[in-house]
Amino acid sequence: MLQKGRGAVQAFIIGSKVLLLTFGDALMTGKETQDQDIQSEAPAATPARFQAIRSARAFEEIAQQIRTELAQGRLKVGTRLPSERALSEQFGVSRNTLREALRSLEHAGLIRLQKGASGGAFISGRSGDAIATGLMDMYHMGAIQPAQLTEARIWLESILVREACARATPADIEALNQNIEAAEEAMRKDDFPSRAAINLEFHRILARMTGNPIMVIVMSGVLNVLAEFIGQIGHEDNAYVLPSRRRFVKHVAARDAEAAAAEMESILKRLQRSYLSKVESKVPQAEAGGAPAVAPKARAKAPAAAAKVAGKAAVKTVAKPAR
């Protein structure tokens, strides 16, 4: 099953050229997705070997040259690029063309543009943000259907849980238990938005426990889309989640990876059935002139159990999110 799960994760990642490109950027930086607090006294740029541009799409070649300098280690996270004037002279292009290239790199998460006397273009360590944004855009365009979203999450967590079990520390176990306590408090206060955020944070903790930045980036992107999806379909109590979490943490603390993975898969599949049934119930309402639904622009073939849902619209009702 582990081999099947890994193969499914690879297929899920390979599905988008944009995401693959950004993965390469993330690996080149060697950094996790957390924001880098780059101070104004960031190191000056190391000598970069930029060449004059002769391409009709000059901004793309500029961006590629900067990526190459990053890959070669001549540019590092925190490095400030030369001024616009200096860069435009090195590349032999106008400032407008240069700015277009810098904006494309900013959108990809490779640089951060800062205004002011101490500002400029800085190499950033936030490349993972582009992956999360890309997944969210795919969901909004209908390229990711609810059935595919929840299915991919189950596949990812199958691997993630086993690695988290193998690498868990006492501090990790304490963080998971504190998360459960915070979720219980939010439930007592009937605070569904907080409870939803806390429940999703539980899975981000597990991703961080693997120590693998790719797992952290991908899981964060999937959870962001899931939060959007849950906000659209509306909340429910899901009283069975917290008892399952307590059993799960006991398995992790005992380093029983198979039991932990089985517990997680069971609860995620139960949640998947709940989520997809709500999507199905919303679509007839939208067709009857009730809550609006957005028809997907792209439809993918889904497994038989989810085929009914994969081609339906993602419902855009605004409600308090639950899990």
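In this text, all values refer to a predicted model and were calculated from it rather than measured experimentally.
One finds the CD atom of Q65 at 13.5 Å from the CG atom of L70 (value rounded to the nearest 0.5 Å). Of the inter-residue distances, the one linking Q145 atom CD with F229 atom CZ reads 10.0 Å to the nearest 0.5 angstrom. Once rounded to the nearest 0.5 Å, the distance linking OG of S277 with CD1 of I233 reads 8.0 Å. Considering OG of S104 and CD1 of I111, their distance stands at 7.5 Å, rounded to 0.5 Å. We find the CD1-CE distance between I159 and M215 to be 6.0 Å, quoted to the nearest 0.5 Å. E151 contributes atom CD, which lies 9.5 Å from atom CG of L276 (distance to the nearest 0.5 angstrom).
Side-chain atoms of R80 come within 3.5 Å of backbone atoms of S118 as a donor-acceptor pair (strictly under, hydrogens ignored). The closest donor-acceptor contact from the side chain of N238 to the backbone of V241 lies at 3.5 Å or more, if one exists at all. Side-chain N or O atoms of R99 include none that pairs as donor or acceptor with a backbone N or O of S94 at under 3.5 Å. Between the side chain of D172 and the main chain of T169, a donor-acceptor pair closer than 3.5 Å is present. Looking only at distances, a side-chain donor or acceptor of T68 sits under 3.5 Å from a matching main-chain atom of Q64. Checked by atom type and distance alone, the side chain of E265 never pairs as donor or acceptor with a backbone atom of A262 at under 3.5 Å.
Side-chain contact between L81 and F122 is absent, with no heavy-atom pair separated by less than 4.5 Å. Taking the side chain as every heavy atom from C-beta outward, R67 and L105 approach each other to under 4.5 Å. Residues K269 and R273 have side chains in contact (heavy-atom distance under 4.5 Å, counting atoms from C-beta outward). Within the 4.5 Å cutoff, no side-chain heavy atoms of T97 are placed close to those of F91. Contact of the L226 side chain with the R153 side chain is registered, since non-hydrogen atoms from C-beta on lie closer than 4.5 Å. Between F59 and N96 the shortest side-chain heavy-atom distance does not fall below 4.5 Å. Between L102 and I62, the closest side-chain pair of non-hydrogen atoms is not below 4.5 Å. In this structure the side chain of F248 reaches within 4.5 angstrom of the side chain of V161, judged on heavy atoms.
In terms of heavy atoms, V77 sits closest to S124 at CG2-O, 4.0 Å. For the residue pair A260 and V252, the shortest heavy atom distance occurs at CB-CG2, 4.1 Å. Of all non-hydrogen atoms in L200 and A227, the two that sit nearest each other are CD1-CB, 3.5 Å. When all heavy atoms of A186 and I198 are compared, the closest pair comes out as CB-CD1, 4.2 Å. A pairwise comparison of heavy atoms in G211 and P213 identifies O-CD, 3.7 Å as the closest pair. A pairwise comparison of heavy atoms in A257 and C165 identifies CA-SG, 3.8 Å as the closest pair.
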Using the rule given for salt bridge (Lys or Arg N to Asp or Glu O under 4.0 Å), can you reason through E100 versus R95, listing the C-alpha separation, both sets of side-chain angles and the distance that settles it, and then say yes or no? CA-CA 9 Å; E100 187 176 4; R95 291 196 183 186; over 6 Å; no

What do the steps show when you test E106 against R103 for salt bridge (Lys or Arg N to Asp or Glu O under 4.0 Å), and what is the final call? CA-CA 5 Å; E106 183 182 32; R103 282 195 296 269; over 6 Å; no

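Counting only N and O atoms by type, the side chains of E228 and H140 include a donor and acceptor under 3.5 Å apart. Judged purely by distance below 3.5 Å, without hydrogens or angles, the side chains of T150 and Q272 pair a donor atom with an acceptor atom. A side-chain donor-acceptor contact under 3.5 Å links Q178 and E174. Between the side chains of S158 and R162, at least one donor N or O lies within less than 3.5 Å of an accepting N or O.
Checked for salt-bridge contact, K189 and E185 meet the test: a charged N lies under 4.0 Å from a carboxylate O. Remark: E69 does not engage K76 in a salt bridge, criterion side-chain N to carboxylate O under 4.0 Å. The residues R245 and E263 are annotated as not salt-bridged, no charged nitrogen and carboxylate oxygen being separated by less than 4.0 angstrom.
For the side-chain hydrogen bond (donor to acceptor under 3.5 Å, both in side chains) test, residues two or more places apart in sequence or in another chain that qualify with R204 are N224.
Heavy atoms from other residues, nucleotides or ligands lying under 6.0 Å from CZ of R85 number 12 at most.
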